[in-house]
> 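This is the structure I have questions about; it appears just below.
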Protein chains: 2
Amino acid sequence: MATIKDVARAAGVAPSTVSYVLSGSRKISADTRTAVQAAVEELGYHPNAGARSLRSTRTDVLALALPLSGHGYLPVGGRFMYGLSEAAGRHGYLVLLVTPPGEDDRGAGLERAARGRFADAAVLMGVEMEDPRVAAMRSLDFPVALMGHPDDESAAPWCDLDWEESVVSSVRALREAGHRRMLYLATVEEDVGSGRTYSVRGIRGAERAAAESGVAVDVCHSSDDPVELYRRLDARFDSDAPPTALAVQHPPAIPGILRHLAARGIEVPRDVSLVAIGNFPEDLGGLDVTRIELPVEQMSAAATRLAVEAIARVGDPGPFDDGDGGRAPHTLIPPRLIRGATVAPAP
Amino acid sequence: MATIKDVARAAGVAPSTVSYVLSGSRKISADTRTAVQAAVEELGYHPNAGARSLRSTRTDVLALALPLSGHGYLPVGGRFMYGLSEAAGRHGYLVLLVTPPGEDDRGAGLERAARGRFADAAVLMGVEMEDPRVAAMRSLDFPVALMGHPDDESAAPWCDLDWEESVVSSVRALREAGHRRMLYLATVEEDVGSGRTYSVRGIRGAERAAAESGVAVDVCHSSDDPVELYRRLDARFDSDAPPTALAVQHPPAIPGILRHLAARGIEVPRDVSLVAIGNFPEDLGGLDVTRIELPVEQMSAAATRLAVEAIARVGDPGPFDDGDGGRAPHTLIPPRLIRGATVAPAP
DNA sequence: AGCGGTTGTCGAATCGATTCGACGATGCAG
DNA sequence: CTGCATCGTCGAATCGATTCGACAACCGCT
């Protein structure tokens with residue numbers, strides 16, 4: 001593999017000159033520049049990542065810390081991984097996946113990545129309200145960006161869809177259609193239990209929506225186990241006052257829910273209205289679901305930007321220099337309700 | 001951040017001794033070993049990745065090259081990324097995502113990763129029959145493992161689900177149920193056009209199945225555009241001799257297809273039987289689909305193993321030393337047909 | 001002609017770990 | 001008591017790039 005010396009020899013200059021041409025950090029004459037560029041091209045030279053990072057302490061790599069648990073998050077996760085990899089690429093970064101190695105050592109892989117300087121910053125997925133990874137990275141002075149919105153807004157730069165507002169506006173839409181008894185199907189219990197911020201905020205949204213609109217919003221947790229999920233749904237629909245509308249924050253369950261309800265003779269939107277919260281633009285056989293889509297690209301781009309900016313800030317006085325009342329830089333994405341065909345007037 | 005010198009000082013030994021303790025490559029007395037380990041623990045020492053890789057030419061990183069194109073592959077891709085990250089972790093490797101930067105420079109990111117020694121090997125996803133990345137990596141003598149099964153079995157180590165046999169056994173199952181006119185819904189045109197091995201092999205399977213069983217297997221490509229997809233389906237179901245069975249190798253489309261057919265009054269399995277090829281264990285409202293599942297974990301584990309073995313082989317005489325007629329090491333996973341409730345006897 | 005100021009390039013130190021050869025200490029045999 | 005392994009540790013070279021200070025060459029000005 002060609003080294004900078006090989007390039008220097010081929011171009012008839014010193015290695016340092018090659019470096020300056022490549023980094024552009026010193027003025028170089030047009031002649032030598034073209035000579036060096038030709039040699040680089042000719043030899044297919046790419047700087048050795050290890051050597052470069054050893055000397056410059058920059059790796060051009062972002063660590064992407066996968067959620068601490070919850071395989072239910074998996075189909076979503078893939079989109080974010082892809083989106084982040086693309087966004088990072090646009091900033092000149094590669095993405096290193098860091099899987100939590102086991103339940104017992106939460107964040108150890110991440111710590112290795114940070115302490116071992118595998119990356120310049122970390123993007124944390126599936127952030128929890130009291131996320132141990134945030135504290136760990138802070139104590140290492142390692143730049144992070146969170147995908148998720150913890151209560152402590154000074155903890156670290158973060159970005160998120162406004163889940164609370166998502167649920168509120170979903171409930172509002174259903175209320176405007178005349179619905180007075182609705183079921184909010186929250187994320188799976190595992191996510192709620194571990195304090196995933198999207199779960200917690202979704203539930204808060206349901207509570208706020210109920211309070212402010214005066215309608216009954218029954219909060220029920222979803223489940224990755226379909227049998228259990230349908231049992232819970234059946235319990236509601238078998239009751240004396242069954243819901244006339246459904247707000248679902250667990251998108252992968254929607255096709256199954258639709259089929260299950262249909263098997264009971266319940267048609268959407270004829271018998272029950274539906275809003276899907278945080279799903280993907282996926283087709284359901286021509287059924288145009290009223291929904292709030294998860295802005296994966298936007299969030300990936302935002303997280304990447306926050307991470308890159310945090311890298312530029314290392315060594316700065318703490319915690320954040322802006323005058324935003326101690327809040328960290330952030331991007332809160334307002335929900336956009338897309339009116340489809342699954343909300344009908346209440347009977 | 002603590003360096004090996006800090007550890008050495010804290011333990012009262014030379015840096016080289018620390019290195020030997022950590023690598024275990026020389027005999028060290030029990031006393032010094034414990035002293036060093038204590039110092040490592042105390043300081044939270046992790047070796048600097050750059051320095052280590054510069055000296056040892058090992059990065060402990062696998063590059064995961066994402067498919068060259070095709071966002072339809074995305075939901076699948078997420079599982080593989082996750083699976084690979086876990087499998088790699090078990091071998092002590094981290095995973096670096098390499099997104100193809102643009103349509104025009106196919107594989108450039110990968111080349112940077114390889115030439116720049118960002119990784120020790122690459123796992124290629126969404127392999128195509130004539131995949132430019134394979135040749136590129138071979139010319140660099142860079143170890144690879146393919147997820148996909150190209151015709152040239154000597155090209156590189158590979159692993160794959162046996163897609164051809166998957167389609168054959170699906171057709172066989174439908175034939176045994178008495179079906180004589182079936183529709184094979186292949187992968188999306190984009191995948192077929194670019195020569196994704198799973199697409200090509202699926203179609204070959206359909207052709208072979210037709211020939212060997214004597215039934216008519218109508219091959220139709222799926223589409224990521226639902227309108228177009230339903231147009232194609234409708235054309236078949238509106239014909240004089242509509243299919244009585246469906247074999248679908250495009251899993252994300254299945255919920256939509258089921259709803260679309262239902263809207264036309266076609267029920268599964270009452271009016272048409274269905275086999276899903278290469279899907280995930282996902283719930284469809286209690287509908288137990290007859291299917292061949294995509295063994296993501298198995299494939300991820302296999303690809304990782306092949307990559308790790310290929311790393312150990314660098315510098316060996318070429319191409320492969322085994323006596324397997326020039327075939328590269330590989331793992332071909334036989335399909336397992338899971339009999340669900342969507343195949344009924346033909347009318 | 002001499003001087004100060006640019007401009008462009010070079011040499012050398014440096015980052016932190018690995019690894020080889022060397023070397024002192026200890027044990028055992030003659 | 002000497003000679004020779006054996007064992008455990010150390011020192012120094014090395015990997016490939018970055019970056020700072022130095023400096024030669026050339027400019028224009030007095």
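For the numbers below, each heavy atom of this structure counts, side chains included, while hydrogens, waters and symmetry mates do not. Per chain, numbering begins at 1; letters A, B, ... match sequence-line order.
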> Whole-Å distance between D:dT9 C1' and B:K27 NZ?
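In whole Å, D:dT9 C1' and B:K27 NZ are 14 Å from each other.
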> Quick one, give me the B/S/- string for nucleotides 16-21 of chain C, reading 5' to 3', where B means a protein heavy atom under 4.0 Å from the base and S means that only happens at the primed atoms, P, OP1 or OP2.
BBBBBB
> Please check if the number of heavy atoms outside A:E309 that lie under 6.0 Å from its CD is greater than 12.
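More than 12 heavy atoms, drawn from other residues, nucleotides or ligands, come within 6.0 Å of this atom.
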> Take atom CZ of B:R58 and atom C1' of D:dC15, then tell me their distance rounded to the nearest Å.
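For the pair B:R58 CZ and D:dC15 C1', the rounded distance is 16 Å.
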> So, do B:L62 and B:T304 sit near enough that their side-chain heavy atoms are less than 4.5 Å apart?
yes
> So what does B:T32 touch, heavy atoms closer than 4.0 Å: a base, only the sugar-phosphate, or nothing?
sugar-phosphate
> About how many Å separate SG of A:C159 and NE2 of A:H149, when rounded to the nearest 0.5 Å?
11.0 Å
> Do the side-chain N and O atoms of A:S19 and A:S16 include a donor-acceptor pair separated by under 3.5 angstrom?
no
> Could you give all pairs that pass the salt bridge (Lys or Arg N to Asp or Glu O under 4.0 Å) test and reach residues 44-63 of chain A, with sequence neighbours left out?
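Sorted result for residues 44-63 of chain A: A:R58-A:D60.
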